[in-house]
Every structure is written in C-alpha cells, then in structure tokens.
J.: 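Please see the structure below; I have some questions.
Index from 1, following the sequence. Counting convention: from 1, in listed order, for ligands and their atoms alike. Please read all numbers here as calculations on a predicted model, not as lab measurements.
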Amino acid sequence: METIYIPHLLTKLERKEVIDFEELIPDLETLTPVRGRLQVTHQGNYLEVKAKAETIVTLTCHRCLKQYNHRLKLQSSEIIWLQEKIDIQNSSSGEFEVDLEDLVENLSPAGYFSPSDWVYQQMCLELPHKQLCDSECPGIDLNDDGAETESSKTLSDSRWASLAALKRQLP
Ligand SMILES: [Zn+2]
C-alpha cells in the first residue's frame, strides 16, 4: 500500500481514499497475504481510518509449545488528530506537562499516513494474549499416552528407538 500524502486527500471525492489490498505487510509474519479494505477520510482536523482485514498467522501455543495457525481478523477504526507537534523547547519554565492529548495518535496535517504501518499496528493489537492451539489443549504431554504399554511406546517414539539402537551397539 502506498503512503498517503495527507493534503492530497482533500482533493479526493468525499475527501476519502478507499484501498482494497492483498499483500504482505513488512515485519508482520503471516502465512498468507493480509487481505482487506482500508478507508481514510480527511475530516478537517482529524483523519478517520477504518479497516477490515484478515490473514493467517502461525503462533506457538503457550501450553504445549506446538505451532498452530490462527486466523487474525481485524475490524477497527481510529481517529488520528492532525496537528503539528508541540515544540517543547518553547517552554520558558524548563518544565513541561505531558498533555493527555499528546498520548493520542496524531500526525502533521502536511504529513503522510502509512496504511501499511497502521494495519501492522492494528494487527499486532489483535494478536491473542493467550495463545492456545485449542481451548482444551492439555499442555505438554510428558508421558505420551498413559494407556500405552512400555513396549508400544518404544516402537512409537523415535527417540526411544534411537536409544534402543544405541544400547544394542554397546557390548
Ligand atoms: Zn497447545
């Protein structure tokens, strides 16, 4: 997705740009390209960004450490204020307060908006905090299948098989 020069949006019909995309987002490790639609509207003193997108990511289960694929869906909207950065150097007292507004996303009205970066950030927020391959995931299986006998375990597990082979080589 190409970076949008914010003043350019003012020349567009309804001051908005709609982008349909299907592409890999830099730094976002996904199994499939991110597919979706993003809409940016210039509302005078702010940008309104809306997007709907999805992709598939490979995650590692926090319980059993196996990798599994997870469909990541995004449906979000955000207001990005258009204002020049407040020059802290102007403060004569030498101290400055952190205004709550500074913590809100904002861009320079004569600057650029990067749809890719925005989708990247939103996708990262959508990543599940608790990553489980299955809600019923039993965790790391320490004793294989408890019902199995020792001999069948020897046959089914290659690690035991190689150990057995090693044993046979010993005098
Ligand atoms: Zn698991």
Side-chain angles (χ1 to χ4, degrees), residues 1-4 6 16-41 43 46-82 98-107 111-171:
M1 281 176 280
E2 277 181 36
T3 302
I4 296 170
I6 296 166
K16 77 177 177 195
E17 178 141 358
V18 179
I19 309 162
D20 285 307
F21 59 93
E22 182 168 358
E23 62 185 55
L24 291 167
I25 303 283
D27 298 326
L28 189 67
E29 279 185 42
T30 56
L31 203 63
T32 57
V34 182
R35 217 172 95 191
R37 168 175 284 203
L38 181 134
Q39 181 183 305
V40 199
T41 313
Q43 302 283 25
Y46 65 90
L47 290 183
E48 186 183 8
V49 188
K50 286 181 189 171
K52 219 177 156 174
E54 67 173 61
T55 186
I56 293 171
V57 287
T58 302
L59 301 176
T60 303
C61 175
H62 287 166
R63 244 184 236 167
C64 70
L65 304 179
K66 273 181 199 150
Q67 294 205 316
Y68 67 101
N69 292 335
H70 175 77
R71 188 175 292 272
L72 206 55
K73 279 188 183 175
L74 173 75
Q75 182 161 17
S76 59
S77 60
E78 191 185 30
I79 299 283
I80 301 171
W81 293 100
L82 296 177
V98 176
D99 206 313
L100 257 185
E101 281 181 36
D102 292 343
L103 302 175
V104 178
E105 194 78 32
N106 65 58
L107 287 171
Y112 294 85
F113 169 73
S114 167
S116 297
D117 286 352
W118 191 84
V119 170
Y120 170 80
Q121 286 170 17
Q122 299 293 318
M123 280 293 185
C124 288
L125 293 174
E126 291 297 322
L127 283 171
H129 292 296
K130 206 173 178 185
Q131 299 176 4
L132 294 179
C133 60
D134 188 297
S135 60
E136 302 281 291
C137 173
I140 297 173
D141 200 348
L142 292 174
N143 21 304
D144 282 342
D145 188 347
E148 270 181 279
T149 62
E150 202 59 41
S151 60
S152 73
K153 194 185 285 176
T154 309
L155 289 174
S156 64
D157 193 320
S158 61
R159 287 168 299 179
W160 285 108
S162 52
L163 192 66
L166 199 67
K167 264 187 186 168
R168 280 196 293 275
Q169 284 170 23
L170 294 170

J.: To the nearest 0.5 Å, what is the distance between NZ on K52 and OG on S76?
T.: 12.0 Å
J.: List, one per line, each side-chain donor-acceptor pair under 3.5 Å for residues 123-137, sequence neighbours excluded.
T.:
residue : atom : partner : partner atom : Å
Q131    : NE2  : P128    : O            : 3.4
D134    : OD1  : E136    : N            : 2.7

J.: Can you tell me which residue among N106, T41, I79, L107 is in a side chain to side chain contact (heavy atoms under 4.5 Å, CB included) with L47?
T.: L107
J.: Might you point out which heavy atoms bring V40 and L38 nearest each other, and give the distance in Å?
T.: CG2-CD2, 3.5 Å
J.: Return a table of donor-acceptor pairs under 3.5 angstrom between the side chains of residues 21-29 and protein atoms on other chains or two or more places apart.
T.:
residue : atom : partner : partner atom : Å
E23     : OE1  : M1      : N            : 3.0
E23     : OE2  : M1      : N            : 2.5

J.: Kindly write out the residues that satisfy salt bridge (Lys or Arg N to Asp or Glu O under 4.0 Å) with E78, not counting sequence neighbours, or none if the list is empty.
T.: none
J.: In the shown structure, where waters are left out, how many protein N, O or S atoms lie under 2.8 Å from the Zn ion (ligand 1)?
T.: 4
